[in-house]
Peer 1: 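Supplied in structure tokens, the structure appears directly below.
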Amino acid sequence: MNYLQKTYLIPAMLVAGLATSCIEPPLKLPAEEVLVDMPIVQVDIDVVWNLDVDWRKNWHYGWDEIDEELWGDIEYPTPSNYEVRRYFLGNMPRVPHTTVDAFTVFNTRFRRTYDFGYYDMLIWSNIDSDDGTQVITIDESDINETTATTTVTRGLTRVISSTDTGTKGTTLLTGTSNSTVVTGLFNQPEIFYSAYPQDIFISREEKDYDYFDEAERCWVKRINCDLDPLVYMYLVQIIITNNEERIVTGCSGDNAISSFASGTSVNTGHTWNKPGMVYFGSRFKQDVMVEDYKADIIGGKFTTYGLCDMDSYSKTKAENSYSGSRLDLKNYLYVDLTFYNGAKATLQADVTEQCWSQPHGGIITVYINAKDLVIPKPDPSVGTGSLFVPTVEDYDEVIYDLVM
């Protein structure tokens, strides 16, 4: 039994059987029906995060009914239907695709007619949403590689001033009313899964099959493949200490994080080299227990394809750190804060090391001491002070980071 099976990441099983009317089929016809069977996918968040301890001990923000209503459960959902793309290769494996048979399945078993020879098969789960919409865009223009990306949702404005908060890696940023938008923020991709079994051989020889199924009256060929997540989940918490005087009174709910991949390969799960910023929401909670003291916490969650130029979870499940090529990129977290005097500013925190140590999702935690903050003065000329703008139009090139 492999590691995934031991930890309850259940692999999908493809069962190919040549259906005939006799007990011992001759396996000589030019085409036969093949039975494909895919058990339901179940993914445990502890497995994807590769944790040996309960992550809830480090997650102080919690997750109440309002959080769940706004952003859903902290879980990897079970898909209800799948897209299937079947590519016939002929008599030679590992050749470029030339034709594709595309269809949708709404259960875990389906039958199709197959020619004898080699096949590749790409399977990915569709998105189940309450309103039937999704932000993921699947691009099948290249028959040899299907890709996924998301739309741009809003923007982040240029900074005119910044103040060191006194906490390592954190800075307060303020914007201006005449700032220009330099960065587009991507929507969070919905969690979905894929598998890409290759070189499936539909043979005429009995020896190439695993057994004969008396009930189905067909030879069966087992093809193991893992339906692995292509999107990973992060939980974010900003723990504000020494805030009894309510120096920080709340947050706008606008947040972004930089330098995550702007897309991924559906075939392999390898992420794009091009970075983007991900937009997500948050809430402010007061007097939350953090170990043995109380603090105010801003919390939320976001989903992402992962860091740039990163292998998928299934290929790097034994690794606990980022091993891609984009070591030049920094992951900055941006969170809008509101203060007792009505002023607003955006907290910038460098969370690169936390992201690198959790390449397939996890908990990102930032501590700030409210008494160390240099509170900006309210200024009508800078509007609200927020760096976030509600809409973004037509980005040919997205600049993913802000220059301080």
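For this chain, numbers begin at 1 and follow the sequence in order. What you see below is based on every heavy atom in this structure, not just the backbone, and it leaves out hydrogens, waters and symmetry mates.
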Peer 1: Hey, is the main chain of Asp67 close enough, under 3.5 Å, to the side chain of Asp64 for a donor-acceptor pair?
Peer 2: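 Here the side-chain-to-backbone pair exists.
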Peer 1: List the residues meeting side-chain contact (heavy atoms from CB on, under 4.5 Å) with Thr365, not counting sequence neighbours, and say none if there are none.
Peer 2: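 Gln237, Ile239, Gln354, Ile363, Tyr367.
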Peer 1: Spell out, as yes or no, whether a donor-acceptor pair under 3.5 Å connects the side chain of Asn331 to the backbone of Ser258.
Peer 2: yes
Peer 1: Tell me, please, which residues at least two apart from Ala148 pass side-chain contact (heavy atoms from CB on, under 4.5 Å).
Peer 2: Ile136, Ile138, Phe192, Thr264, Val266, Tyr305
Peer 1: Backbone N or O of Ser262 within a donor-acceptor pair of the Thr149 side chain at under 3.5 Å?
Peer 2: yes
Peer 1: List for me each residue that meets ring-ring contact (aromatic ring centres under 6.0 Å, His included) alongside Tyr76, sequence neighbours excluded, and say none if there are none.
Peer 2: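 Tyr76 satisfies ring-ring contact (aromatic ring centres under 6.0 Å, His included) with no residue once adjacent residues are dropped.
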Peer 1: With rounding to the nearest 0.5 Å, note down the distance linking CD1 in Ile257 to CG in Leu185.
Peer 2: 12.0 Å
Peer 1: Residues in salt bridge (Lys or Arg N to Asp or Glu O under 4.0 Å) with Arg86, at least two apart?
Peer 2: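 Listed in chain order: Asp101.
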Peer 1: To the nearest 0.5 Å, how far apart are CD1 in Ile297 and CH2 in Trp59?
Peer 2: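 Those atoms lie 8.0 Å apart.
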Peer 1: Distance check, rounded to the nearest 0.5 Å: Thr98 atom OG1 versus Leu89 atom CG?
Peer 2: 8.0 Å
Peer 1: Can you sort out the partners of Tyr340 under ring-ring contact (aromatic ring centres under 6.0 Å, His included), two or more places apart, ordered by chain and number?
Peer 2: none
Peer 1: Indicate the atoms forming the closest heavy-atom contact of Leu230 with Gly269, along with that distance.
Peer 2: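 Answer, listing the atom of Leu230 first, then Gly269: CD2-CA, 3.5 Å.
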Peer 1: For Asp120, which residues count as a salt bridge (Lys or Arg N to Asp or Glu O under 4.0 Å) partner, sequence neighbours excluded?
Peer 2: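 Counting only residues at least two positions away or on another chain, Asp120 forms no salt bridge (Lys or Arg N to Asp or Glu O under 4.0 Å).
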Peer 1: Taking Lys285 for the side chain and Ile298 for the main chain, is one N or O donor matched with an acceptor at less than 3.5 Å?
Peer 2: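 The answer is no, because no donor-acceptor pair under 3.5 Å joins these two groups.
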Peer 1: Using a strict cut-off of less than 4.0 Å between a Lys/Arg side-chain nitrogen and an Asp/Glu carboxylate oxygen, indicate whether Asp336 and Lys344 qualify as a salt bridge.
Peer 2: no
Peer 1: Is the backbone N or O of Asp254 less than 3.5 Å from a side-chain atom of Tyr334, with the two atoms forming a donor-acceptor pair by type?
Peer 2: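 Side chain of Tyr334 to backbone of Asp254, a donor-acceptor pair under 3.5 Å: no, none is there.
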Peer 1: Report the residue from Pro275, Ser323, Cys355, Ser259 that forms a side chain to side chain contact (heavy atoms under 4.5 Å, CB included) with Leu307.
Peer 2: Cys355
Peer 1: Could you list the residues that satisfy side-chain contact (heavy atoms from CB on, under 4.5 Å) with Ser357, not counting sequence neighbours?
Peer 2: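 Result, side-chain contact (heavy atoms from CB on, under 4.5 Å) vs Ser357: none returned.
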Peer 1: Which pair of heavy atoms, one from Ala370 and one from Ile240, lies closest together, and at what distance?
Peer 2: CB-CG2, 4.0 Å
Peer 1: Going by heavy atoms in the side chains, are Thr338 and Val248 under 4.5 Å from each other?
Peer 2: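 Side chain of Thr338 against side chain of Val248, heavy atoms only: no contact under 4.5 Å found.
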Peer 1: Which residue pairs satisfy the side chain to side chain donor-acceptor pair (under 3.5 Å) criterion with at least one member in residues 289-299, sequence neighbours excluded?
Peer 2: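 Qualifying pairs, neighbours excluded: Asn243-Asp296, Arg246-Asp296.
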Peer 1: Measure from the side-chain N and O atoms of Asn255 to the backbone N and O of Gly253, and report whether any donor-acceptor pair falls under 3.5 Å.
Peer 2: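 Checked: pair present.
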Peer 1: Hey, is the main chain of Val231 close enough, under 3.5 Å, to the side chain of Thr303 for a donor-acceptor pair?
Peer 2: no
Peer 1: Taking side-chain contact (heavy atoms from CB on, under 4.5 Å) as the definition, give me every residue that meets it alongside Glu68, ordered by chain and number, with sequence neighbours left out.
Peer 2: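 So Glu68 forms a side-chain contact (heavy atoms from CB on, under 4.5 Å) with Trp63, Asp73.
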Peer 1: Whether Asp309 and Lys274 form a salt bridge (side-chain N of Lys/Arg under 4.0 Å from carboxylate O of Asp/Glu) is what I want to check.
Peer 2: no
Peer 1: Counting N and O atoms only, with roles assigned by atom type, does the side chain of Glu190 sit under 3.5 Å from a partner on the main chain of Val135, one being a donor and the other an acceptor?
Peer 2: yes
Peer 1: Under the ring-ring contact (aromatic ring centres under 6.0 Å, His included) definition, can you give me all pairs with a residue in residues 118-146, not counting sequence neighbours?
Peer 2: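 ring-ring contact (aromatic ring centres under 6.0 Å, His included) check on residues 118-146 returns Phe88-Tyr119, Tyr114-Tyr119, Tyr118-Phe201.
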Peer 1: Out of curiosity, Asn242 CG to Glu244 CD, how far, rounded to the nearest 0.5 Å?
Peer 2: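 Reported value, rounded in 0.5 Å steps: 5.5 Å.
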Peer 1: Report the residues that fulfil ring-ring contact (aromatic ring centres under 6.0 Å, His included) with Phe302, sequence neighbours left out, ordered by chain and then residue number.
Peer 2: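 Checked Phe302 against ring-ring contact (aromatic ring centres under 6.0 Å, His included); matches are Tyr234, Phe260, Phe280.
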Peer 1: Taking Thr146's backbone N and O only, do any of them form a donor-acceptor pair with Asn267's side chain (distance below 3.5 Å, no angle check)?
Peer 2: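 The answer is yes, because a donor-acceptor pair under 3.5 Å joins these two groups.
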Peer 1: With rounding to the nearest 0.5 angstrom, report the CG to OH distance, Leu156 to Tyr332.
Peer 2: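 The distance works out to 13.5 Å.
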Peer 1: Determine whether a donor-acceptor pair (N or O, by modelled atom type, separation under 3.5 Å) exists between the side chain of Asp199 and the backbone of Arg94.
Peer 2: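 The answer is yes, because a donor-acceptor pair under 3.5 Å joins these two groups.
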Peer 1: Using the test ring-ring contact (aromatic ring centres under 6.0 Å, His included), find all partners of Tyr87 that sit at least two apart in sequence or belong to another chain.
Peer 2: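 Counting only residues at least two positions away or on another chain, Tyr87 forms a ring-ring contact (aromatic ring centres under 6.0 Å, His included) with His97.
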